[in-house]
Amino acid sequence: MDLLARLNPRQKEAVTHPGGPLLVVAGAGSGKTRVLAHRIAYLLSVMNVYPSEVLAVTFTNKAAGEMGERVRGLVGMAAQGMWMGTFHSVCARILRVEGKILGISSDFSIYDDRDQTILMKQIMGDHGISLTKLPPPAALSKISWAKSNLLSAEEVASMAGNPYEERIAMLYSAYEKALRENNALDFDDLISLPVRLFKSSPEALERNARRFRQVLIDEYQDTNRAQYALVRLLSSIHRNVCAVGDDDQSIYRWRGADITNLLNFEQDFPDATVIRLEQSYRSTKTILAASQAVIKCNVQRKDKDLWTENSVGRKILVAALSSEWEEGEFLARSIEQAVREDDRDYSDFAVLYRTNAQSRAIEDGLRRSGLPYVIVGGTKFYERKEIKDILAYMRLLVNPRDAVSLARIINVPNRGIGDVTLSRLREFSALCGITPSAALERADEIPRLNSGARSRLGSFKDLIERLREASLDLPVPELITLIARESGYMDSLKEQGTVEALARVENIEELVAGGFEFQERSEEPTLRKFLEEVSLVTDIDLWDDRREAVSLMTLHNAKGLEFPVVSIAGAEEGLVPHHTSFEDEEEMEEERRLFYVGMTRAKERLLITMAAGRRGFRGWTAQMASRFLENIPAEFIEVITPAGDSYIEEPRHHAGRRPQAGNRGHAPPCGRSADYGEEKVVRIGARVMHPDWGPGSVRGCEGYGAQLRLTVRFDSGIIKRMLASYANLEMLDDD
DNA sequence: TACATTGCGATCCGT
DNA sequence: TCGCAATGTA
């Protein structure tokens, strides 16, 4: 039949698998998205499964949307009504309906890590725990780990082996209590609470496990224990679970992902069928072979044999640049050249890197060359202050118990309600055992408040009441406008009149536009749904891949994507592999997988760049080539030496103008050339003196002879990179 | 109570 | 470099 026409035998087998547990081990580029979409279409059109009986979990909301599109393309309207989304969005949907069994109101707020940190700070303050000794995010990450492993506060407490762990357990328990008081859930709760629900309520389990006749999970290698438990529970009646994944692409171990979920699938489901997809359709022979050579260095993996009928293609280009700015400039040049000579679109290109901080220099390079680009990730739209503020108003309207949101906006914009008044309010609410919002209602009874503060609280209370009433029948975008106006937020921004404030006004207008977009698209355009969506949306979801621009993103964000031309920037020891993984072999293997994921995003061309020196958060560091490059056989690589001289002096600041091209390599930066005959031994840490910049110490050296480049940090704070032969430095005695 | 200034620390990946 | 917390001042 037509549905199976363009599938290879393995793919066909996966698509038509009649029932029971199925594991599809899908190598990079082997068409797993295609298989998933076709399998769903097959289930709907041939196996007579209703859309509402299909649960398909993808890694991003964007992937879910695209999957839905593909299925609709295959079977048309018969696809309407499937459960499709990320674990988090699917679970939020389940909890809205079933949560009341656990005592969770359907109006819950979803706290992001920012909200969590605020809450944890409060808790630690209440318990007199120093925020510097135990940073709130550290405690939260322990708690998050526990939750994603389905460990309760009591269990953590009973496992605690030292005072530190006992303290974490205590904070965990207090944090849980605080979340419940605020009628709020964190990301981990979204997964772990449905698991708890299904374990404690056979009826709820029955209801949901019976509904989902078919459960499909994408990127199975990156599920954590809680997600695994959920999959088992939801598929416990029909046992039709189809997991798709690739152990070589597991890159979220640090977030609790447990690769044994995939590796032990056959033990967990003894009657499982395992299908391997090993033909790659994405990359050239060269890129595929090179990436295989890299990943085969990992010990903990299932060996596989990927192959392709694609052409050999061109060699992988490797370029070593002297600094991150040169790297950015070089990337810009190479993209420009490829657009010109190979007739490519900007959207064919992606630049991938390990850390978001690397995007700066690359962005600068592209901007200076006038290339269009988009940065995916980094500063997220919904995490901007003004957006979070407006959203906090909206959350408070839906969920009056949300004290974190209340505290966020009670004095934004300034209405003369300061720390003192707020803490009196909190004291009073604790004393009466009521929420801060309820305490607001009884502002008259709060002790030790002056009349001014009392009346300001009163008018804030009136404002919220007014807005809440309006929210009941006002569409989302209108409500946003109303909040921004009535709260005085817009006026206060406009009054400031700074460039920054005006940008914030624009962002709020963009939020309104987003509200209209939501209004048109959503089947259920309620305020609650809107808040849920914005809580769970990610940058990759918002990324418009059809825009004519080069995409810049982290290696993690690139998972599941593909581009004709991929550049991996910063292939250096300390970046990939990241320095935090040096000590741990398992983490090192994860870094290698990450690098592998990056390489396998490329369809036609792969460029790998590195910088010999990089500005860290303190001074300069000399960088070495990534060990992963050594894993690539030389026959697949072409090393290119970028044209042009290397720079001499560091630009004054990252966005500033670099030294004039005409000067580079010629004019000495400090006005006088040194004698070539005189030889000095320079070593890192040596004390030096410069006539203009005073004393300093050598932070790095690279090159040799007349080409020796020094990085010197002067005591005044200035950092200079210069050719040793021009440096004009006087060596100081050091003891 | 609000706002400016200083000082310090921490720096990966992100639902 | 940057954001945030503590400190100082109107």
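Sequence lines set the chain letters: A, B, ... in the order given, protein chains first and strands last, and positions in each chain run from 1.
- For the residue pair Asp112(A) / Tyr382(A), no side-chain donor-acceptor distance below 3.5 Å is found, with atom types taken as modelled.
- Within residues 113-125 of chain A, the residues having any heavy atom under 4.0 Å from DNA chain C are, by residue number, Arg114(A), Lys121(A).
- For dA5(C) and dC12(B), the C1' atoms lie 24 Å apart once the distance is rounded to whole Å.
- Separating the CZ atom of Arg360(A) from the C1' atom of dT1(C) is a distance of 8 Å, rounded to the nearest angstrom.
- Proximity note for Asn356(A) (side chain, C-beta onward) versus dC12(B), dC13(B), dT1(B): the nearest is dC13(B).
- The closest side-chain heavy-atom distance from His556(A) to Trp254(A) is below 4.5 Å.
- For a distance-only test at 3.5 Å, the side chain of Thr554(A) fails to qualify as a donor-acceptor partner of the base of dC13(B).
- When the nucleotides dA2(B), dG14(B), dT15(B) are ranked by their closest atom to the side chain of Asn411(A), dA2(B) comes out on top.
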Write down the protein N/O and nucleotide N/O pairs, taken from nucleotides 6-8 of chain B, whose separation is under 3.5 Å; answer none if there are no such pairs.
none

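- Side chains of Asn411(A) and Leu422(A) form no contact here, defined as non-hydrogen atoms less than 4.5 Å apart.
- When the side chain to side chain donor-acceptor pair (under 3.5 Å) test is applied to Asp248(A), the partners found at least two apart in sequence or on another chain are Arg301(A), Lys304(A).
- Annotation: side chain to side chain contact (heavy atoms under 4.5 Å, CB included) contacts of Val376(A) (sequence neighbours excluded): Asp539(A), Ile540(A), Trp543(A), Met553(A), Asn557(A).
- Contacts of residues 226-233 of chain A with DNA chain B (heavy atom under 4.0 Å): none.
- In this structure, Arg528(A) forms no cation-pi arrangement with Phe108(A), as its terminal cationic atom is not both closer than 6.0 Å to the ring centre and no more than 45° off the ring axis.
- Aromatic stacking of Phe87(A) on dT15(B): not satisfied for centres closer than 5.5 Å together with planes under 30 degrees.
- Side-chain contact of Tyr596(A) with Arg592(A): a donor-acceptor pair under 3.5 Å is absent, judged by distance alone.
- Comparing Ala453(A) and Arg255(A), the nucleotide of DNA chain B nearest to each residue sits closer to the 5' end for Ala453(A).
- To the nearest angstrom, P of dC12(B) lies 18 Å from CG of Asp584(A).
- The shortest distance between side-chain heavy atoms of Phe530(A) and Val398(A) does not fall below 4.5 Å.
- For the pair Asp112(A) CG and dT15(B) P, the interatomic distance rounds to 11 Å; values are reported in whole Å.
- Heavy-atom nearest nucleotides on DNA chain B were determined for Val420(A) and for Asp539(A), and the one closer to the 5' end corresponds to Val420(A).
- Of the candidates dT15(B), dC12(B), dG14(B), dC12(B) carries the atom nearest the Arg354(A) side chain, counting heavy atoms from C-beta on.
- Checking Asp541(A) against Thr538(A) by side-chain atom types alone, a donor-acceptor pair falls below 3.5 Å.
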Could you list, one pair per line, each protein nitrogen or oxygen that sits under 3.5 Å from a nitrogen or oxygen of nucleotides 6-9 of chain C, together with the distance?
none

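- In this structure, NE2 of His578(A) is placed 4 Å from C1' of dC12(B), rounded to the nearest angstrom.
- With distances taken from any side-chain atom of Asn414(A) to the nucleotides dC12(B), dT1(B), dC3(B), the minimum falls on dC3(B).
- Checked by atom type, the side-chain pair Glu386(A)/Tyr489(A) shows no donor-acceptor distance below 3.5 Å.
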